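Contents: one structure, followed by commentary.
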Amino acid sequence: MIEAAVPTQSATPDRMPATEFDAEVLCNDPVNEEYNLMAVSVPERATGAVPGQFFHLLCPQKDALQPFFRRPMSVYRIEPEARRLSFLYKVTGTGTRAMAAMKAGETFNMLGPLGIGFSLPADAAPIVVLARGVGLATMAPLIPFARSRGHRVTAILSARTPDLLMSVDEMRRDGADVLTVTDLQGTSDVEIVEDMLHMLYGKLRLGGVYVCGSNRLMLAAQRVARRLDLFGEVALEQQMACGLGMCFCCVRPFREDDGVVHRRVCREGPVFPLLEAMQW
Amino acid sequence: MIEAAVPTQSATPDRMPATEFDAEVLCNDPVNEEYNLMAVSVPERATGAVPGQFFHLLCPQKDALQPFFRRPMSVYRIEPEARRLSFLYKVTGTGTRAMAAMKAGETFNMLGPLGIGFSLPADAAPIVVLARGVGLATMAPLIPFARSRGHRVTAILSARTPDLLMSVDEMRRDGADVLTVTDLQGTSDVEIVEDMLHMLYGKLRLGGVYVCGSNRLMLAAQRVARRLDLFGEVALEQQMACGLGMCFCCVRPFREDDGVVHRRVCREGPVFPLLEAMQW
Amino acid sequence: MVDLSVDCGGLRLANPVMPASGTFSHELADIIDFDRLGALVTKTITPERRLGNPTPRVAEVSGGMLNSIGIPSKGAAQFVAEVIPLYAAFTAPLIVSISANTPDEFAELCRKVTVPGVAAIEVNISCPNLEDDGRAFAMRPHTTLQVMQKLRAATDLPLWAKLTPNTGEIPEVAAAAEAGGADALVVANTILAMSVDIRTRRPTLGKVMGGLSGPAVKPIVLRMAYQCVRSVGIPVIGCGGIMTAEDAVEYLFVGCQAVQVGTATFLHAGAMLDVIDGLEAFCRDAGIERVSEIIGTLSSSAEDGGMVWEAIA
Amino acid sequence: MVDLSVDCGGLRLANPVMPASGTFSHELADIIDFDRLGALVTKTITPERRLGNPTPRVAEVSGGMLNSIGIPSKGAAQFVAEVIPLYAAFTAPLIVSISANTPDEFAELCRKVTVPGVAAIEVNISCPNLEDDGRAFAMRPHTTLQVMQKLRAATDLPLWAKLTPNTGEIPEVAAAAEAGGADALVVANTILAMSVDIRTRRPTLGKVMGGLSGPAVKPIVLRMAYQCVRSVGIPVIGCGGIMTAEDAVEYLFVGCQAVQVGTATFLHAGAMLDVIDGLEAFCRDAGIERVSEIIGTLSSSAEDGGMVWEAIA
Ligand SMILES: Cc1cc2nc3c(=O)[nH]c(=O)nc-3n(C[C@H](O)[C@H](O)[C@H](O)COP(=O)(O)OP(=O)(O)OC[C@H]3O[C@@H](n4cnc5c(N)ncnc54)[C@H](O)[C@@H]3O)c2cc1C
Ligand SMILES: Cc1cc2nc3c(=O)[nH]c(=O)nc-3n(C[C@H](O)[C@H](O)[C@H](O)COP(=O)(O)OP(=O)(O)OC[C@H]3O[C@@H](n4cnc5c(N)ncnc54)[C@H](O)[C@@H]3O)c2cc1C
Ligand SMILES: Cc1cc2nc3c(=O)[nH]c(=O)nc-3n(C[C@H](O)[C@H](O)[C@H](O)COP(=O)(O)O)c2cc1C
Ligand SMILES: Cc1cc2nc3c(=O)[nH]c(=O)nc-3n(C[C@H](O)[C@H](O)[C@H](O)COP(=O)(O)O)c2cc1C
Ligand code: FES
Ligand code: FES
């Protein structure tokens, strides 16, 4: 078994200093009823982003839509040669609606890469990735990243309906074993997922579990990780103003030495040790 | 000589009730370094506007340009059959810059027609129109209007340089005798213009003088009108919030019965009896 | 059909939406149907004739406007003779806004406008009280109480007290207005502000300082309305930055019985009607039959009123 | 080259631009060059450790933001030991912001942060005073005077008093702070405000009320800065809604000696540097050699200070 909770330097190298830059929209299209995929052309240093990091996007102000804050978005795909980044985002409120209204050729101010990305277990142990909803956008780049470092990757993707499952083919192409569970099919209950994790652990000798996008999935992963003493990380969300660690609006509570401390999702996260995260 | 200051019903019929509507931009192009001409497609009733009236334009909000108030603009051309209105506007600040950024096909909210337009003398007496700068946009539609009612029209257009003279050919086409004076050529001094007015009065037996766009031209016209007991009107500007007579921000002082009263440019104007207006 | 009617400060209104004083006049009837409004509120008048302030009287700022219109006034006599009759044709109740330089002049004017055709009197106690160094009556509880008592004695019509946001003691002032006999509070007038035209180095208003209104003030005035609701038993009418039905719903949720719409009408002449339609749609979509059911239904885990200053970082 | 330096509250600053407390931390050095700033200002600390307020702690509103961060604080000892040294590497003077629950605790903390490496102390007297029913110290002149006198006795470092805009008596409070020994005033902190999420019917902040900052407050705070400049002899540092160099110029014209930039840094990490560059460009284009020459040069025909309430319609 893997030495748990020892992030390697490979996954979180020296923090790449963030920059503010204008990105050009290359394409921006719906992938299903709720999500859009946007690819942008960025300066070279922005492509130094690692999976789990995010960019802080200054969505444009249009007549009726006047988002004030930037919006944090996980980097969904990183293509350094093409100097291209992609974001997979759910069209929700003011900011993401203004984002959805952008057309190829328009530019758009971003700050990043920000935050701490995922760590991989110290040797090439298999990992499992659990994602639901928006969590998928955050988890997707971990798959090629872990594969390229020799980890076998199993992805369990959860959604309300099969229609809302995204990136399944892509993740398979990237070399993951993909299992899908949905509410509609009655396969997404946490008990089922927990059983799947146990089974995978038994079969593959998992070295790490990664989760994002669902409180209940996180709790399930925590139970499994605690029982099996398994390394794990969770990517968390919180509303952000500065994105840089200055304002302390993005804090969440974490367990530390039997007490509760606040950590900033933008700075100490958004990826945190799985067992320290508290439910929301 | 004409009975002075008796507006006919023909020029200011029952006030056409204003409406708020979305107009589609048909074209929006520079006519010289400073001015743009925008044509918009409007609902039928908006074409009931008469010369001297204005529309109150809600300029779009773009990222950096966030005009808050509407912007008043005189109607420059009225084409009822085509359901088209045009505005000739100087690109100045936030609102007009946002306006200048609009492209054909975009829509744009307007309120109007508003205010009191020009009155014509009671019979078909010749009139003279004095305009400088922005005043030209206000005066232009008076020419075809007065011509169509049988008035001979002489237009004296003043500008800093010959390049900035606009609509000369158009006014000639509309049937006006056009005289141009410019600062550059040294022909725009008020004394010269005053002499021209006297000369025209002597030659044509003028029935009315109309002025817009310059304090000094207005004073000259007032001197002439007072001396010759000539009917005259002036179109005035003032900053506006509501455009409808509610807020009293657009007042200007006027002489009335030996006292000074405030009148609202948006409601009692923008066209006022020439001799009652006070210099600014 | 949603029932939009509300009880408000001695009146039953067909709906909770009305104009804010100074942003409305009979001229608007050219464009919108006044019979759809909850009430009609006139521009503040003073006892004597006044010209108002120098121009420029308005300026635009980020998310709002400044005004220093002042109170150009025809005086009471002409107002009663000429303006009140203009509203006789409309069904919505007429609220007359008044103001004066001293408590006694204020009470005298209140008496003069207590005439048929007037349904309630809005007393603009946000204006300067010459007997208190030119401070607005509603800046302090004791001056508020004093003027309200005199006004109360001067009329039997419902009295709505319009408060100023330019005070650090809004809950105390609200309580004083209630104690002085107000039937409702209008919260609030404009916030004293200024801006500078850096090209000319001059203030953008002829009068240097003026009142801020529009979207920029909404969070501030909403907070004040919320505080007032919690400190008085009489209805609070919210007024500040309401541009849409959603804004009005925020005011209703915090407990306002009705709302006034000001600056929004300058941008869209039909703004008040849009707010009414939007309120109706909001209730309908939420399956609510009477708009009055949503008033004061803010759900909050942190309902502790004390130590609000901690809230500020 | 334009000379951007200014004298400000006992210090000579390389330029008049610095961060507002709570919107800045050493982490920003990853992105911008701190040596270009006029000063560095830390987040307010309190004597004891504190967690701060419940989340959500921020919300966006039209033209601005609300925050109810509270003051999560490491406590004085850890601050002095760990945070102050982080700034030793930078040339710009370090201003430490402090706050406490009572005048005596405040003074005690003031003493504790009077250590090498600290150039001046910003006393955030906009925070609640437990000895005055939780009202902010700077809501009233007498509590301002009292706390400032105790603070003055506690340190020889320059003392900058940060005022609250949540008062109706800003000129009087400013004068009291000066009388109590302040070397400069920072005008102002955030304006108490709230908003409601109408989908959930809940306040958008966990703490219900919070402080408004950003462009929406600029006209209000600019007015207060203007009033303070006219009521004290010490420098006034303008702080509220400064997003661009033009905004900073407005504050300088009304007489502020320097400015603090807060919320803008959340939208553009380099906002302060853009303001500095813009100020330099403004002066250069206007043929001005020293930025100090433009301070207080507002030209105004209506300089009468009395009866400002008349300004409100
Ligand atoms: C580190 C991080 C990475 C994220 N990555 C993605 C991603 O890849 N794809 C994706 O679809 N979404 C992602 N999210 C969530 C995304 O930021 C929100 O959906 C988005 O901010 C909503 O903005 P809005 O204007 O549409 O919604 P509004 O409701 O108008 O937003 C109002 C405010 O709330 C904040 N907010 C609303 N929802 C969230 C949320 N879920 N998390 C944090 N702040 C929120 C907004 O940023 C804004 O400040 C991420 C969030 C974080 C913190
Ligand atoms: C009745 C009337 C008719 C007009 N017709 C025309 C026209 O046909 N063509 C044209 O080019 N201009 C016309 N103007 C002037 C035009 O309204 C202003 O040029 C325009 O408002 C400037 O807006 P801005 O955003 O570019 O300038 P900004 O300086 O950003 O405007 C700031 C504020 O000042 C107001 N303002 C600025 N200049 C003027 C002005 N000259 N008159 C009134 N308000 C002003 C704006 O409306 C706005 O409220 C007219 C003005 C009036 C009152
Ligand atoms: C141009 C203008 C004139 C005003 N005149 C008055 C007035 O005479 N009396 C009054 O009580 N309030 C007056 N007000 C304040 C408004 O009634 C209202 O309280 C304020 O504008 C806030 O609402 P809003 O943000 O919806 O505009 C005026 C406001 C504006 C913008
Ligand atoms: C997130 C946040 C936290 C703040 N924390 C503090 C603080 O700790 N101490 C303080 O004096 N002011 C604090 N402020 C107020 C700012 O210093 C400043 O006075 C205010 O934001 C106005 O400036 P702005 O409009 O440029 O942001 C805070 C403001 C924000 C937005
Ligand atoms: S968003 Fe400001 S500290 Fe995290
Ligand atoms: S613009 Fe409001 S009265 Fe004329």
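Order of the sequence lines fixes the chain letters, A, B, ..., with proteins taken first and strands second; residue numbering starts at 1 for each chain. Not measured: the values here are computed from a predicted model.
- Among B:R263, B:R252, B:R255, the one residue that satisfies the salt bridge (charged side-chain N to carboxylate O under 4.0 Å, His left out) test with B:E276 is B:R263.
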Practice prompt. List the steps and the verdict of side chain to side chain contact (heavy atoms under 4.5 Å, CB included) for C:V17 and C:M272.
Written response: CA-CA 7 Å; C:V17 181; C:M272 289 182 283; 4.1 Å; yes

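- Taking 4.5 Å as the limit, every side-chain heavy atom of B:V50 sits out of range of all side-chain heavy atoms of B:F118.
- Salt bridge present: C:E27 and B:R264 bring a charged side-chain N and a carboxylate O closer than 4.0 Å.
- A 6.0 Å sphere centred on NZ of B:K62 holds more than 12 heavy atoms belonging to other residues, nucleotides or ligands.
- By a heavy-atom distance cut of under 4.5 Å, B:Q239, B:A241, B:C242, B:L244, B:G245, B:M246, B:C247, B:F248 are the residues of residues 239-248 of chain B near chain C, going up by number.
- Contacts between C:H268 and chain B at a heavy-atom distance below 4.5 Å involve backbone atoms as well as side-chain atoms.
- Of residues 87-108 of chain B, those residues with a non-hydrogen atom less than 4.5 Å from any non-hydrogen atom of chain C are, in numerical order, B:T94.
- Contact check for B:R77 versus B:P51: no side-chain heavy atoms found under the 4.5 Å cut-off.
- Looking at C:S62, there are no atoms closer than 4.5 Å to chain B (heavy atoms on both sides), in backbone or side chain.
- At least one side-chain heavy atom of B:N32 sits less than 4.5 Å from a side-chain heavy atom of B:L164.
- In terms of heavy-atom proximity, C:T42 sits nearest to C:V96 at OG1-CA, 3.4 Å.
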Discussion item. Using salt bridge (Lys or Arg N to Asp or Glu O under 4.0 Å), reason through B:R160 and B:E34 one step at a time and then give a plain yes or no.
Written reply: CA-CA 12 Å; B:R160 280 202 317 284; B:E34 298 183 340; 3.0 Å; yes

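- The choice from B:Q61, B:R71, B:Q66, B:Q238 that makes the most heavy-atom pairs within less than 4.5 Å of chain C is B:R71.
- Between B:R70 and B:E20 there is a salt bridge, since a side-chain N of the basic residue sits under 4.0 Å from a carboxylate O of the acidic one.
- Residue C:T23 touches chain B through its backbone alone, counting heavy-atom pairs closer than 4.5 Å.
- Among C:G63, C:G52, C:P19, the residue making the largest number of heavy-atom pairs under 4.5 Å with chain B is C:G63.
- Here the shortest heavy-atom pairing between C:V113 and C:I98 reads CG2-CG2, 3.9 Å.
- Heavy-atom pairs under 4.5 Å with chain B peak, among C:E60, C:H26, C:R57, at C:E60.
- Most heavy-atom pairs under 4.5 Å with chain B: of the set C:P56, C:G270, C:G214, C:A269, this distinction falls to C:A269.
- Using a 4.5 Å cut-off between heavy atoms, B:V261 does not touch chain C at all.
- The heavy-atom pair separating C:Y251 from C:V259 by the smallest distance is CB-CG1, 3.7 Å.
- Remark: the backbone N or O of B:G259 is not paired with any side-chain donor or acceptor of B:D257 at under 3.5 angstrom.
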